[in-house]
Amino acid sequence: MAKSMNLLQITPQEFIAFLKNENITRFYFVYDAKNKIVRSSHKQLQQIAEFIQSDKRDFMTHEGIFIQVSRKYDILQGAFIHRTKRGQAAGGVRYWNYNTVEDYLRDGLRLAVGMTMKNALAGLWWGGGKGVMAHNPTVDKNNPIIRASIYQEFGELMTSIHGCYVTAEDVGTDVTDMVNVFAKTRFTTCIPLRLGGSGNPSVPTARGIISGMEAAIEFLEMGTLAGKTIAVQGMGHVASPLIKYLFEKEVKKVIACEINPYIIKEVKEIVIGCNLEAKIVSLDDLSIFQSECDIFAPCATGAILNPTTIPMIKAKIICGAANNQLEDSQRDDKMLYERGIVYVPDFLTNRMGIVNCANEQYGYVRNDPFIEQHLTKEWEYSIYQIALKVLKESRNTHTPPGEVALRLANELSLQNHPIFGHRGQSVVDSLVASQWHKRTTAD
Ligand code: NAD
């Protein structure tokens, strides 16, 4: 039966039933670069190894994927390690619903590559990776006891893979969850201040968006932010300090929209007396795209730039915090470019989330120069400088900016860490050699 089953098209829960039947609790897929093949820990999972190897869309010779089934709540918990030349893989853990095993794997593969690119373009000495957990619909994920157990087991996974991937917070995961991860491993960042972590990254992220906007304005020779009109989608953790900073930069007006009326009220109280036009909208409302403005800042959810919305946009510049703003990274990058709209790639300008936490173990300095340099106009890897470089190269080579940024990020990601070059790959190799998949404890 197992042989004829398409393991990619079943649900994560059906897959877990299959794994239990085969007595598998941990498994891996690693890339054998010498022979250019993906190797699986179990012959029963060869079908998945072949799928990954032949996939042209999301598989980019990822160094390793290590997955366990959580003992208590039947949750697939995985570490997706893309590239570790610049350092161990770093990126957050996403806790999400997936309809099929293929959806789960694709999300992990895609998000891990995204982190390689974001970290490299930020000049960080970290590789790229992502944690992904597939929610089990029969489990109450809002129950704090259940949640604690899920994240502690994820922490055990981190410990068991010996630091080839260092986790952090991401969609579906909050700071309390990170405390539970931290209870079981040292290979995590984004823990609360009270435990020695770096705290909320939203303010530096907002400052990073301002840097991206200033680079785009400079590129278009439009002067400064003063006197400009900015449209902002979402008024949450990043957008609220962003709006405050925009008024400090003397913008003429901010047009903002939000689905949650309480958040609008909070933001209005922060910028009393400023020219803020804030609208409550429904989730599918597209009016913000049609706003008469100089800059549009997407700060809510991803995939909002697509063939429906791009023709509506009146802004000259798009620069915001939301991850994966382009629904299709090639098609929509090109569409914006052909419309003459300057798009500052999201993974370039929203880097401060990972910058803020990535180097927590090196200690803290007030106004830390290693963090502040990302927000200057001078440092060669600052958001401002890299955005200008990307936009100028885009113009000179007639290439959409997202594509230029990815090319540059890819080149940087191939540089070796000056001391621990490609260490993550050595860790992956040693896990395979020591038969990680046969061990059951956290070691
Ligand atoms: P958040 O949840 O605090 O804010 C998002 C806000 O958007 C929420 O208030 C939500 O109600 C609103 N919203 C959702 N859909 C909307 C819609 N269709 N129209 C209008 N409003 C809508 O999240 P955040 O931390 O501010 O992050 C915003 C985006 O930036 C996310 O995509 C996040 O992944 C990304 N990002 C955040 C950080 C960070 O430091 N927080 C770092 C990098 C990237």
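These numbers come from a predicted model, not from an experiment. Position 1 is the first residue of the sequence; numbering continues from there. Numbering of ligands and ligand atoms starts at 1, following listing order.
Checking N323 against N350 by side-chain atom types alone, a donor-acceptor pair falls below 3.5 Å.
Of the protein's heavy atoms, none falls inside 4.0 Å of atom 2 (O) of ligand 1.
Residue-level proximity to ligand 1 for I263 is carried by the side chain, the only part with a heavy atom below 4.0 angstrom. At a heavy-atom cutoff of 4.0 Å, ligand 1 is contacted by the side chain of T205 but not by its backbone.
Atoms of ligand 1 lying under 4.0 Å from at least one heavy atom of G234, given by number and element, are 7 (O), 20 (C), 21 (N). Here is the list of ligand 1 atoms found below 4.0 Å of a heavy atom in P201: 40 (O). Taking every heavy atom of S202 and a limit of under 4.0 angstrom, the matching atoms of ligand 1 come to 40 (O), 41 (N). Every atom of ligand 1 with a heavy atom of C299 under 4.0 Å away is listed here by number and element: 5 (C), 28 (C).
Checking each of T61, T116, N119, N410 against R83 for a side-chain hydrogen bond (donor to acceptor under 3.5 Å, both in side chains) leaves exactly one that passes, namely N410. Considering F80, Y95, W96 in turn, F80 is the only one that fulfils the ring pair (Phe, Tyr, Trp, His ring centres under 6.0 Å) rule with Y104.
Every N/O-N/O distance between M235 and ligand 1 stays at or above 3.5 Å. Of the polar atoms of T301, none of the N or O atoms is found under 3.5 Å from an N or O of ligand 1, judged by distance alone. Considering backbone and side-chain atoms alike, H237 places an N or O below 3.5 Å from some N or O of ligand 1. Between N323 and ligand 1, an N or O atom pair is found at a separation short of 3.5 Å. Looking at A300 next to ligand 1, an N or O pair under 3.5 Å apart turns up. Considering backbone and side-chain atoms alike, L283 places an N or O below 3.5 Å from some N or O of ligand 1.
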>> Test side-chain hydrogen bond (donor to acceptor under 3.5 Å, both in side chains) on Q77 and Q68; report intermediate values, then the result.
In response: CA-CA 5 Å; Q77 301 183 312; Q68 70 179 16; 2.7 Å; yes
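Note: F289 and F296 meet the aromatic proximity criterion, with ring centroids under 6.0 Å apart.
Evaluated by nearest non-hydrogen atom to atom 8 (C) of ligand 1, the leading choice among K118, R351, Q233, E258 is E258.
Nearest protein neighbour of atom 43 (C) of ligand 1, counting heavy atoms only, is N350 O, 3.5 Å. Scanning the protein for heavy atoms near atom 17 (C) of ligand 1, the closest one is I259 CG2, 3.9 Å. Given atom 4 (O) of ligand 1, the protein heavy atom at minimum distance is G236 CA, 3.3 Å. For atom 44 (C) of ligand 1, the closest non-hydrogen atom of the protein is A321 O, 3.3 Å. The protein non-hydrogen atom at the shortest distance from atom 27 (O) of ligand 1 is V238 CG2, 3.9 Å.
Taking the ring axis of Y384 as reference, the NZ or CZ atom of K377 stays within 45° of it and closer than 6.0 Å to the ring centre. Under the 6.0 Å distance and 45° angle rule, R86 does not count as a cation-pi partner of W126.
For the pair Q325 and G320, the tightest heavy-atom approach, listed with the atom from each and the gap, is NE2-O, 3.1 Å.
For C257, the heavy-atom gap to ligand 1 drops under 4.0 angstrom.
In this structure, E153 does not pair ionically with K184, as no charged nitrogen and carboxylate oxygen lie closer than 4.0 Å. By the 4.0 Å N-to-carboxylate-O rule, K244 lies close enough to E248 to be salt-bridged with it. The residues K85 and E63 are annotated as not salt-bridged, no charged nitrogen and carboxylate oxygen being separated by less than 4.0 angstrom.
The CG atom of D346 lies 8.5 Å from the CG atom of L305; values are rounded to the nearest 0.5 Å.
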